[in-house]
Amino acid sequence: MSRRDHAILNVNVLDVGVAPGAWTLDDVHARSFVDLDHFVDIARIAERGTLDAFFLADGPGFWENPRVKPTRALEPSVILGAVAAATESLGLIGTASTTFNDPYDLAERFATLDLLSGGRVAWNVVTTYSPTASTNFGFETMPDRDERYRRAEEFVALVTSLWESTRTGVPVAHHGEFFRVEGALRVPASAQGQPALIQAGGSPAGRELAGRSAHGVFSAELTLDAGIRHYRHVKDVARTAGRDPGEVKILPGLITVIGATEREAIERYDRLRAHVSEGFGIERLAITLDVPVSALDLDAPVPETLLDAPADQANYGGSIGFRESVVALARERRPSVRQLLRELSGGSGHRVVIGTPEQVADTIEEWFRAGAADGFNLMPDALPSGLATFVDEVVPILRRRGLFRHEYEETTLRERFGVALPGDRAQSA
Amino acid sequence: MDCTDAPVRLELILICTRGDVNSCCRAPTVMGLLVFVHKRPEVEEAIVSRRSVVGVAVDAALSAALVAPDAAGLRVDFGAVVESSGVDFLIVGGERLIRSRSNSVTIDPTVVATVIARHTERVGLVVAAAPRREHPFNIARRLASLDHGAHGRVGWLVGPFDYSTPRYEQAWTTAGPLVSTVDAVAIARELWGSWPAASIVSEADRGVFAESERITYIDHVGAYSVSGPLNVPEPPQAQLPVFWRPLDAAETAAARRTADVVIVPNEAVAQGHRSSFDPDAARDQVLLVDRHWRPGAAIDSDSAADGVIVHGMTVDSYRFVLGELARSSYFDDATPTLRDRLGLAWTESVTVGTRSMFPIDGAKGAAS
């Protein structure tokens with residue numbers, strides 16, 4: 001069972017790192033982003049640092065232009081299969097879409113990974129907000145949000161039933177709006193029974209859903225105030241739904257740029273962005289704000305009217321969670337678009353900490369103790385070097401401060417995150 | 001050497017389809033001969049028999065043993081024994097595509113192939129996937145990813161149904177199973193070429209990682225509509241070999257026209273394929289015969305087929321089976337791709353689309 005006084009730290013493995021110039025470093029090569037050795041090396045570093053889990057974001061289609069940097073490419077189950085076979089305690093979290101997958105197929109693949117890993121796997125449930133993905137599956141336009149969320153709810157319920165059937169042998173008989181499945185899933189049950197569920201629910205609706213049913217929430221928070229508010233909201237929803245609020249972990253993203261001095265860290269940050277234009281990320285920012293790129297002037301703040309305008313939720317092509325956090329930051333500091341892009345490190349909506357190992361440990365501690373986070377989804381600027389630095393320099397500080405484990409005490413993800421199996425909750429309540 | 005109509009039997013064949021031999025040979029240090037065959041004007045490629053190919057089936061029970069959580073030692077040993085046997089490939093999950101089997105356990109074939117890939121360096125890995133329940137985009141992506149992970153050793157065993165899954169309606173297309181299977185293969189082949197390998201230039205001084213204007217939509221309309229492109233770069237083999245074990249006459253006709261490798265139940269059927277002329281059949285096609293393992297049984301090379309797939313290996317018998325199947329490799333120093341092992345012609349990427357996904361826009365400058 002994870003300790004309440006320990007922060008949870010996952011590594012969000014974005015190919016060679018989130019920094020646009022990470023691919024120019026000497027410790028990676030042109031094909032690192034499709035090289036399983038690269039991902040296994042990263043996993044081994046994470047396990048050496050006793051990090052909680054290795055996390056893969058994903059989508060079935062391009063979501064960024066690989067002109068200036070590599071992109072997420074390899075299908076997650078291939079990466080997680082290799083990493084599972086090469087590690088013993090590290091958690092393994094893979095993202096897969098409910099909109100563009102088949103529930104039986106997904107259930108079987110994740111159950112197999114969970115079996116192989118000795119019960120260390122979780123599925124990060126997303127509905128996929130990328131319009132470029134939908135045309136790969138025959139949709140001329142993206143299914144609207146209501147339909148995506150209805151399909152997602154049914155999909156998750158069906159997958160959970162199929163996973164239970166691996167433990168009970170009882171066949172599933174599911175007849176729903178989107179799917180019809182009769183039969184049991186015949187993968188041997190894993191050491192943790194069945195995979196855990198994570199949800200990247202950053203929107204108000206997502207936070208509601210997460211509070212009710214997810215075990216983890218990967219969010220984007222740019223300010224401490226918003227982080228605390230959203231944290232309290234999800235925990236309240238959990239309580240209202242009769243859950244132990246400790247069962248749902250809130251993990252904002254955190255981009256780390258670490259140097260021996262703050263000056264060195266800033267230089268590293270700038271060096272790893274040197275080849276991109278100042279406008280890098282402006283397309284993503286425009287999508288996030290649901291405005292045309294032409295409405296954004298690099299030298300001026302985002303117009304108030306655009307910040308105020310609510311997103312057309314049904315057809316919004318961005319992430320509502322990201323939008324909220326970007327709008328909050330833009331309102332709080334009124335930065336120019338140029339400054340905003342720099343702070344957002346390319347429009348992603350995640351917070352960036354640029355500094356010494358102590359400074360990185362300080363901000364993790366501040367958010368954790370203020371009740372804004374149960375931990376973080378770390379995004380090192382470059383992989384593997386940025387993660388190695390974090391493990392070698394920051395983890396020891398967190399351990400000294402009593403904020404992080406010295407060694408793994410458990411091997412399954414459910415034990416680590418304190419998540420009961422679905423059937424057991426009724427017995428333990 | 002005379003050119004005759006009879007097939008030429010040689011220990012090793014390299015088929016050079018282009019004028020420049022040096023650019024065409026993938027395994028320069030192999031023992032054996034580089035053969036120049038007079039090209040008859042009406043035939044682009046010299047038709048010669050290939051060396052005997054040996055594949056070995058990994059069934060559900062062995063798959064389950066290999067992905068068991070406490071099987072680290074087994075995986076290491078199995079990988080080592082497979083590698084030293086020199087067999088050409090393993091085929092994972094094939095039993096799922098066969099009607100009569102009912103397995104007590106099912107294991108995802110991609111995960112099995114991934115762990116075997118991590119414990120081997122040379123053996124080919126053929127993964128079963130039916131595009132019925134799974135969308136062809138996802139299959140294409142997963143197999144391309146595995147080919148990257150295994151450095152060019154992966155193949156796809158396709159079939160219209162995965163009988164190990166519960167029956168339910170087709171989600172992605174209303175077209176019939178054979179039509180959609182053939183279309184799925186076409187889609188995968190187009191997707192595998194949609195992000196050309198050569199576009200990844202990684203030029204730090206120019207600040208260009210990939211010349212992404214060369215990434216093109218495939219705009220495929222058929223049983224499935226798939227715009228592409230695939231967000232995985234062109235796999236090492238460019239075109240993964242597609243295997244098909246047809247279960248009836250209709251599948252046979254489709255397989256002969258679609259697949260790189262057709263698996264048949266016995267010698268007689270193989271002979272029948274060789275002697276019957278189908279103008280639409282794929283030109284460069286490998287025929288393999290299913291064989292059940294018997295101790296001491298020789299794998300004869302005097303056959304209308306190009307090789308065999310051996311069934312019946314188990315977690316208790318693999319050392320013995322693979323020991324008996326052991327053969328010296330023709331490929332010595334080089335690490336052959338699965339295409340090389342099958343004797344399939346080297347292929348260039350299939351570029352079908354001209355519509356660029358990331359066109360360079362002069363007004364915007366470098367795209368972000």
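Proteins come first, then strands; the chains are lettered A, B, ... in the order of their sequence lines, and each starts at number 1.
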### Query
Taking atom OH of B:Tyr217 and atom CG of A:Asn136, what is their separation to the nearest 0.5 Å?
9.5 Å
### Query
Checking B:Arg142 against chain A: side chain, backbone, both or neither under 4.5 Å from a heavy atom?
both
### Message
For B:Leu191, which atoms come within 4.5 Å of any heavy atom of chain A: side chain, backbone, both, or neither?
### Response
neither
### Query
Closest approach of A:Tyr104 and B:Ser164, non-hydrogen atoms and distance?
OH-O, 3.9 Å
### Query
With no hydrogens and no angle check, is any side-chain donor or acceptor of B:Ser145 less than 3.5 Å from a backbone partner on A:Val78?
no
### Message
Counting C-beta onward and ignoring hydrogens, is there a side-chain heavy-atom pair between A:Asp102 and B:Glu134 closer than 4.5 Å?
### Response
no
### Query
Non-hydrogen atoms of chain A under 4.5 Å away: do they reach the side chain of B:Val232, the backbone, both or neither?
both
#### Entry: Pairing of A:Asp58 and B:Arg141 as salt bridge, 4.0 angstrom limit
yes
### Query
In terms of ring plane angle, is the pair A:Phe137 and B:Trp172 parallel, tilted or perpendicular, where the classes change at 30° and 60°?
tilted
### Task
Against chain A, label B:Pro229 side chain, backbone, both or neither, depending on which of its atoms sit under 4.5 Å from a heavy atom there.
both
### Query
Side chain, backbone, both or neither: which part of B:Arg206 has an atom under 4.5 Å from a heavy atom of chain A?
neither
### Query
Does A:Thr135 use its side chain to pair, donor to acceptor, with the backbone of B:Ser227 at less than 3.5 Å?
no
### Task
Check the pair A:Phe62, B:Trp195 against side-chain contact (heavy atoms from CB on, under 4.5 Å), reporting the backbone distance first and the verdict last.
CA-CA 11 Å; A:Phe62 277 95; B:Trp195 182 353; 3.4 Å; yes
### Query
Is it true that a side-chain atom of B:Asn231 and a backbone atom of A:Gly59 form a donor plus acceptor pair closer than 3.5 Å?
yes
### From B:Asp162 atom CG to A:Asp105 atom CG, the distance as rounded to the nearest 0.5 Å
8.5 Å
### Task
With a 4.5 angstrom heavy-atom cut-off, could you sort out which part of B:Thr114 is near chain A: side chain, backbone, both or neither?
side chain
### Query
Roughly how far apart are A:Glu75 CD and B:Thr110 OG1, rounded to 0.5 Å?
7.5 Å
#### Entry: B:Pro233 versus A:Phe33, closest heavy-atom pair with distance
CG-CZ, 3.7 Å
### Message
How long is the straight-line distance from CG of B:Leu146 back to CD1 of A:Ile79, given to the nearest 0.5 Å?
### Response
11.5 Å
### B:Asn138 vs A:Asn101, side-chain contact (heavy atoms from CB on, under 4.5 Å): CA-CA, chis, key distance, verdict
CA-CA 8 Å; B:Asn138 288 335; A:Asn101 273 294; 3.5 Å; yes
### Query
Of all heavy-atom pairs between B:Gly149 and A:Leu36, which one has the smallest distance, and what is that distance?
CA-CD1, 3.5 Å
### Query
Yes or no on side-chain contact (heavy atoms from CB on, under 4.5 Å) for A:Arg109 and B:Val111, after CA distance, side-chain angles and deciding distance?
CA-CA 7 Å; A:Arg109 191 158 304 114; B:Val111 177; 4.2 Å; yes
### Summary
Honestly, the part of B:Glu203 sitting under 4.5 Å from a heavy atom of chain A is backbone
### Message
Evaluate A:Val16 against B:Phe209 for side-chain contact (heavy atoms from CB on, under 4.5 Å), listing each step before the verdict.
### Response
CA-CA 12 Å; A:Val16 297; B:Phe209 178 72; over 6 Å; no
